[in-house]
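Just so it is clear, the values below take in all heavy atoms, side chains as well, and ignore hydrogens, waters and symmetry mates. A note on names: the letters A, B, ... follow the listed sequences, proteins ahead of strands, and every chain is numbered from 1.
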Amino acid sequence: MTAKKNIRVRIAPSPTGNLHIGTARTALFNWLYAKHNGGVFVLRIEDTDLERSDVAFEKDIMENLRWLGLIWEEGPGAEAGENIGDYGSYRQSERLASYEKYIRQLLDENKAYYCFCTKEQLEDERQAMLVQGLAPKYSGRCRSLPLEETKQRLLSGESHVIRFKMSEAKISFKDLIRGSVSFDLGLMGDIAIAKDLKAPLYNLAVVIDDYEMKISHVIRGEDHLANTPKQIAIQNALGFPGPHYVHLPLILDKDRSKMSKRHSATSIREYRDQGYLPEALINFMAFLGWHPQDDKEILSIDGLVEEFDIARVQKAGAAFNIDKLDWLNAQYIKQSDDAELLKSLISFEPRLNDVPEKTALKMIASTKDRLKKLADFTDLTDFLFELGNYDGVLLNWKDTDSAKTINYLTIVDKLLPDVEEIKQFADKEGRGEVLWPLRVALSGKSASPGPFEIMEVLEEAEVRRRIGLAIKKLENG
RNA sequence: GCUCCUAUCGUCUAGUCCGGUCUAGGACGCCGCCCUUUCACGGCGGAAACUCGGGUUCGAAUCCCGAUGGGAGCACCA
C-alpha cells in the first residue's frame with residue numbers, strides 16, 4: 001500500500017431515494033481509492049432539498065453502505081446532529097451557517113446577486129433560446145439591478161434566488177481518467193447558487209463542503225462532468241484551492257440506456273432482498289468499468305483494495321449484466337460456509353427454524369450448488385418440507401411400465417434403511433429404472449437433488465410414506 | 001437544438017499511453033461433448049469483436065483527422 005498523504009474522498013448521496021446501485025458503485029470506487037492509498041473515506045448527506053429529502057432514505061443509505069462493508073471514517077452518526085469526524089456536521093442541512101457566510105461574501109464582493117425573475121419568465125426565455133438553436137441559459141436580466149432596487153424588492157418580500165456571476169472564460173481541468181476536459185463558461189450563464197441566504201443549492205454547497213472537509217479527490221459519476229466547470233468557477237471566486245477530479249463512467253441498463261427502475265432493480269435493498277451476497281455485489285460493481293491487470297474474475301474485497309488503480313477505470317459507460325451478477329453470486333454462495341449460509345437463509349425460509357440444525361445444514365448442502373440467489377432456496381427446497389402434488393406418470397423411467405416401477409419401489413422400501421443395499425440393487429437393475437422413480441417419489445419433481453441426498457434430510461418414516469404414496473399413485477394411475 | 005464525454009465478441013473487459021510478439025486473450029451468456037437416474041455443479045471444446053472513411057508509417061486495434069453510433073448535461077434537483 002503506497003501511502004500518499006492527505007487523500008480524502010467522499011460519497012455524497014442525497015437522501016431522496018434508497019441507496020442506488022450507481023451511488024453504491026461510486027461509493028465503492030471512492031472507498032477503494034481511499035483504502036488503496038491509505039486515505040480517508042467520508043460520507044456526507046446532501047439534504048439541502050428539504051422537499052425531497054427524507055430521513056428514511058438517509059437511514060437506508062447508511063444501512064446498506066454498511067451492509068456492503070463500505071464503512072466511512074467520517075460522516076454523520078445515527079441521530080440528527082451526531083457526527084464522527086472533525087469537519088463539522090456531515091449533513092448539509094446542519095451546515096447552513098457556513099453556506100450563509102460564503103453567500104454573503106459573494107454578494108458583498110459583487111460576485112453574486114439577487115434575481116427576481118419568475119419561473120414563468122425563465123421558462124419562456126429557455127424555450128425562446130432553444131428555438132433559436134442556442135444552449136439555454138439565464139439571460140442576466142437582474143445582473144445589474146441597482147442596489148437600492150434590490151433592497152426594496154427584498155423588503156417587499158418578492159420571491160427571489162441568488163445567482164453567481166459567471167464569466168465568459170473558457171475553463172479546462174484535468175480529470176484523472178479522461179485527461180484534460182474543457183468547457184465554455186459563457187454557455188452556462190449565471191447559475192443559481194442559493195434560493196436564499198439560508199437555502200444553498202447543490203453547486204455552491206458542494207464547493208464549500210469539499211473545501212471545508214479538505215476533500216482531495218472528487219470521484220463521482222460522469223453525469224457531474226458538466227457541473228465541474230461551474231464548481232471550479234465558484235471555487236475561484238471564493239479563493240478555494242480545487243480538488244482533483246475523477247468522473248466515473250455510468251452504469252447503463254442492459255440495453256445501454258440510462259439505468260431505470262423499469263428495466264432493473266436499482267436499489268441495493270432490492271438486491272439484498274433477493275439474496276445477493278454483499279461480496280458478490282462488491283465484486284460485480286467493481287468490475288463494471290474497471291478490471292485488474294490479469295484475468296481474475298473473482299476478487300475479494302481485500303484483493304480489490306490491493307489491485308485497485310483509478311487509472312485503469314474505463315471511460316465509456318458499462319451495461320449492467322445481470323447474468324454475470326448471478327454467476328458471481330452463485331460462486332460466492334458455493335464458497336460460503338454452510339453454517340454461515342444458514343443464518344442468512346433463515347430470513348428467506350423461516351421453516352428452517354423448525355427443523356434440527358443438522359437437518360437444515362443437510363438441506364443447504366444438497367441445494368447450495370443450485371442457488372443463484374438465496375431467494376431461490378425456497379422453491380428449490382419446498383419439497384423437503386412438504387411433498388407437493390405431482391403426476392404419477394412422472395414416476396416411470398422412460399418406457400418402464402408401472403408394474404415394474406411398483407416392484408422396484410417395493411423392493412427399495414424393504415431394503416430401506418440400508419442405502420448401500422439400495423445402491424447395489426440399482427446397479428443390478430439399472431440406475432435409471434430404480435433411482436429415477438425413487439427420486440421422483442421423494443421429491444415429486446422432474447428435477448431435484450439425488451435420492452440419497454434427499455434421504456439424508458428426510459426421516460426414515462417420511463421416506464417410507466412418500467414411497468408408499470408413489471406406489472399408490474401408480475396403482476391407481 | 002447546443003455543449004461535453006465516449007467507441008475491441010450479445011455483455012463485462014485484456015491489449016491502446018511506449019505502433020510489429022494480436023491469424024486479438026479472459027469471463028458471463030449461448031451451443032456441443034463428457035460426468036450423470038433428473039436438475040444443478042464440475043471438466044473439455046466451439047461460434048462470437050478491433051464502428052466506418054481518410055491519413056501518418058515498411059507496418060495501426062494501437063497515432064492523427066472526419067463521419068457515424070452510444071451516453072451525459074443544459075432547474076429556484078442533486
Residue-phosphate contact under 4.0 Å: [X] side-chain N/O, [N] OP1/OP2:
X       : N      : answer
K334(A) : G42(B) : yes
Q331(A) : G42(B) : yes
K254(A) : G10(B) : no
R256(A) : C12(B) : yes

If you find the nucleotide of RNA chain B closest to D323(A) and the one closest to S159(A), which residue's nucleotide is nearer the 5' end? D323(A)
5'-most contact on RNA chain B (nearest-nucleotide basis), P13(A) vs S446(A), goes to S446(A)
Could you label the plane-to-plane angle of the Y211(A) and F240(A) rings as parallel, tilted or perpendicular, counting under 30° as parallel and over 60° as perpendicular? parallel
Could you tell me how the ring of F183(A) sits relative to the ring of F173(A): parallel (under 30°), tilted (30 to 60°) or perpendicular (over 60°)? parallel
Rounded at 0.5 Å granularity, tell me how far NE2 in H247(A) sits from CD in E222(A). 8.5 Å
What nucleotide among [options] has an atom nearest to a side-chain atom of [X]?
X       : options                : result
L252(A) : A78(B), C76(B), G71(B) : G71(B)
A316(A) : A14(B), U6(B), C12(B)  : U6(B)
R126(A) : U37(B), U38(B), A75(B) : A75(B)
L225(A) : C4(B), U13(B), U3(B)   : C4(B)
N203(A) : A78(B), U6(B), A27(B)  : A78(B)
D295(A) : C76(B), G26(B), C5(B)  : G26(B)
L201(A) : C76(B), C28(B), U38(B) : C76(B)
K324(A) : A78(B), C4(B), G26(B)  : G26(B)
W327(A) : A14(B), G29(B), G73(B) : G29(B)
A135(A) : C28(B), G26(B), C2(B)  : C2(B)

Tell me what [X] touches on the nucleic acid: a base, only sugar-phosphate, or nothing, going by heavy atoms under 4.0 Å.
X       : answer
E297(A) : base
H224(A) : base
D369(A) : sugar-phosphate
G430(A) : nothing
T367(A) : nothing
R163(A) : sugar-phosphate
L250(A) : sugar-phosphate
T48(A)  : sugar-phosphate
R439(A) : base
A226(A) : sugar-phosphate
R220(A) : nothing
K315(A) : sugar-phosphate
Q314(A) : sugar-phosphate

For nucleotides A40(B) and C35(B), find the distance between their P atoms and express it as a whole number of Å. 16 Å
Which residue in the set R143(A), R163(A), K165(A) passes salt bridge (Lys or Arg N to Asp or Glu O under 4.0 Å) when paired with D190(A)? R143(A)
Should D427(A) and K423(A) count as an ion pair when the cut-off is N to O under 4.0 Å? no
Base A78(B) to side chain D223(A), donor-acceptor N/O within 3.5 Å cut-off: no
Less than 3.5 Å between a donor and an acceptor, one on the side chain of E222(A) and one on the base of G73(B), is that the case here? no
Would you say that R220(A) contacts T228(A) through its side chain, given a criterion of any heavy-atom pair below 4.5 Å between the two side chains? yes
Kindly determine whether K473(A) and N389(A) satisfy side chain to side chain donor-acceptor pair (under 3.5 Å), including the steps that lead there. CA-CA 11 Å; K473(A) 270 182 195 267; N389(A) 197 17; 3.1 Å; yes
